There are 2 protein chains.
Amino acid sequence: MKSQYPDTIRLLVDAYSRLTPELQKAARFMVEHPEEIGLNSMRTVARDADVKPATITRLTKALGFREYEALREPFRQRLRTRSPEFAAKLQDVQRRGKTGSRSILSDLRAQEIANIEHSLSDDNLPIMDEAAQTMHESRRVYVLGLRGAHAPAFLFHYAYQLFQDNSQLLDTSAGIFADQLRGINSEDSLLVVSFPPYTQLTIDAVEYAAEASARIIAVTDSVVSPAANAAAHIIVTRNQSPSFYHSFTGAVGVMQALITLLVTKAGGDAVKIVEEAEKRLSRISAYW
Amino acid sequence: MKSQYPDTIRLLVDAYSRLTPELQKAARFMVEHPEEIGLNSMRTVARDADVKPATITRLTKALGFREYEALREPFRQRLRTRSPEFAAKLQDVQRRGKTGSRSILSDLRAQEIANIEHSLSDDNLPIMDEAAQTMHESRRVYVLGLRGAHAPAFLFHYAYQLFQDNSQLLDTSAGIFADQLRGINSEDSLLVVSFPPYTQLTIDAVEYAAEASARIIAVTDSVVSPAANAAAHIIVTRNQSPSFYHSFTGAVGVMQALITLLVTKAGGDAVKIVEEAEKRLSRISAYW
DNA sequence: CGCGGAATGAAACAAATGATTCATCTGTTG
DNA sequence: CAACAGATGAATCATTTGTTTCATTCCGCG
């Protein structure tokens, strides 16, 4: 008995674009909450995914399974084969839940830790490494992140520009957005950061870059995100938050991981270059 | 909502000797196959344990649970929450064997988690709460972060501006930096993010704000940082990184914590305001 | 031997599950 | 606008689930 969980996920992702909206909603929930599929009944899954039970049945048929149980089995198998060891670190953190704002904050801390753990997960490590390799081989690295995603995008660009001079941060100021991408071609790569609600401008830019055959690295919330549509490398980051706005901590962590990898690939000199650059850029405070 | 899987196992083990033979068989199976409890139906468990369904029901009652579902829940919860922790542990093992980029990345992950834990530590929680209160009571909130610190500063400003309109992000573009602070006074607060090497411009701005009696919230690396000199609230974030550049993950986490607190203080309407704002700001992609 | 009480198993039940059917809705095409 | 096909949802069905009830078995003691 071989574990076909990855195949099932791939099936879900590959079929995604051919599915109807309701089926997509169900498929997306499955990709994003794989544990719940193994743990709960079909009706419960349907309820949590905000979908009718019949939709789940239709999805199983649409994917080519004979019955729901066949679709569910890989998810269940995956949960079975995990390490029997139990570590309660996360729950310990959660357990400290106090009252009022302290409770919210400790909740937030637990979620941020989980965000980092998932964003820098084992699954993502090789993807990030390949993505870094792609960027390393690129003539030019375009960086795109609008609205909230500007923060991680900027951070990447700033750190990158300290040791390489072939990056360009796309911004919307002065309406020159489209012009900035004009020269992009297959030798270039585009690092795009995008989260729901996806900005139309971002999606348009990604499609433009894809048509120009540029390599796309997408940092986003799901493999079926529109920003990941034509991406060569999809880095999925968890972004849960107890607050109204999703967290960018995971995305920032990914950016810093990419920078770290790129510095390594750039060679040992890069570190010295960087140190010099930062010192040159600022007068160190007299305090230090 | 606390998860008591260890307690449940202990309960099973402790009660074991007092149970009747059939109940023991069931209890033993549960202890030895905890995953199956969370994954399968009661009847399936009974079949696998070679026991009648009624025996399982009797066991749940014998252990003091009201219904089977109550006994099953801890087992299920465990399968849900264990995955990230397990991933980290597995990676630690792998780290010793592998070389190169994977080792660096797992290093980075461990450090980022530590950064979050320290930045959102119990010591910092009350400070952040007070800082949020100060900002909440301010007429105007100035936000300052230059170079790398621009990322967390921008993130704060962007999220804040979604539900409040009294913030100003200080930037250096077009040489109008000094002008932007001109009107600051004792009713205002300045949220400043700064890390070594401290930018002189940042320190100057903080001193200017301090002379104007503005309340200063400093997010920085040390209580003796020049940026914290005149600060009313000092939020120390850890920023370690295996790379050349220090991490901003902790600072981003603090920013998001402050936003969370400020939304709470702003009242329940804020959430709706935000949702509307985001929708207005962007056309949702046709994909969704 | 047989009686009593507990342990066990078989049967029965309502509630739920997964699947199917059919009616309605939606959006497209001519 | 009409007409059609596909997508969706409501209703329904047989099956499975967790639980309870009741009959049977087991075993120690007189």
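Values below: every heavy atom of this structure, side chains too, minus hydrogens, waters and symmetry copies. Chain letters run A, B, ... following the sequence lines, proteins first and then strands; every chain starts at 1. Since this is a predicted model, take the numbers as computed values, not measurements.
Across the protein-nucleic acid pair, Leu19(A) atom CG and dG6(D) atom C1' stand 14 Å apart, rounded to whole Å. If you take CG of Leu59(A) and P of dA7(D), they are 13 Å apart, rounded to a whole angstrom. Here the P atom of nucleotide dT20(D) and the OH atom of Tyr68(B) are 15 Å apart, to the nearest Å. A straight line from CD1 of Ile56(B) to P of dG18(D) spans 10 Å, rounded to a whole angstrom. Spacing between atom CZ of Phe65(B) and atom P of dT19(D) amounts to 12 Å, rounded to whole angstrom units. Rounded to an integer number of Å, the gap from Glu22(A) CD to dG6(D) P is 18 Å. Distance NZ (Lys61(A)) to P (dA7(D)): 15 Å, rounded to an integer number of Å. Rounded to an integer number of Å, the gap from CG of Leu23(A) to P of dA7(D) is 8 Å.
With hydrogens and angles ignored, the 3.5 Å screen pairs a side-chain donor or acceptor of Arg72(B) with a backbone N or O of Ile37(B).
Taking Phe195(A) as the reference, His246(A), Phe248(A) meet the ring pair (Phe, Tyr, Trp, His ring centres under 6.0 Å) condition, with sequence neighbours excluded. The ring pair (Phe, Tyr, Trp, His ring centres under 6.0 Å) search around His233(A) returns none, not counting sequence neighbours. Every residue two or more places apart in sequence or in another chain was checked for a ring pair (Phe, Tyr, Trp, His ring centres under 6.0 Å) with Tyr68(B), and none qualifies. Not counting sequence neighbours, the partners of Phe156(A) by the ring pair (Phe, Tyr, Trp, His ring centres under 6.0 Å) test are Tyr160(A).
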For nucleotides 10-17 of chain D, give me every protein contact, N/O to N/O, under 3.5 Å, one pair per line with atom names.
{"unit_1": "dT17(D)", "atom_1": "OP1", "unit_2": "Ser41(B)", "atom_2": "OG", "d": "3.3"}

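Here salt bridge (Lys or Arg N to Asp or Glu O under 4.0 Å) pairs that include residues 243-254 of chain A, with residues two or more places apart or in two chains, number zero.
For Thr20(A), no side-chain nitrogen or oxygen approaches OP1 or OP2 of dA7(D) to under 4.0 Å.
Residue-level contact check: Pro21(A) touches the backbone only, with heavy atoms under 4.0 Å from sugar-phosphate atoms and none from bases.
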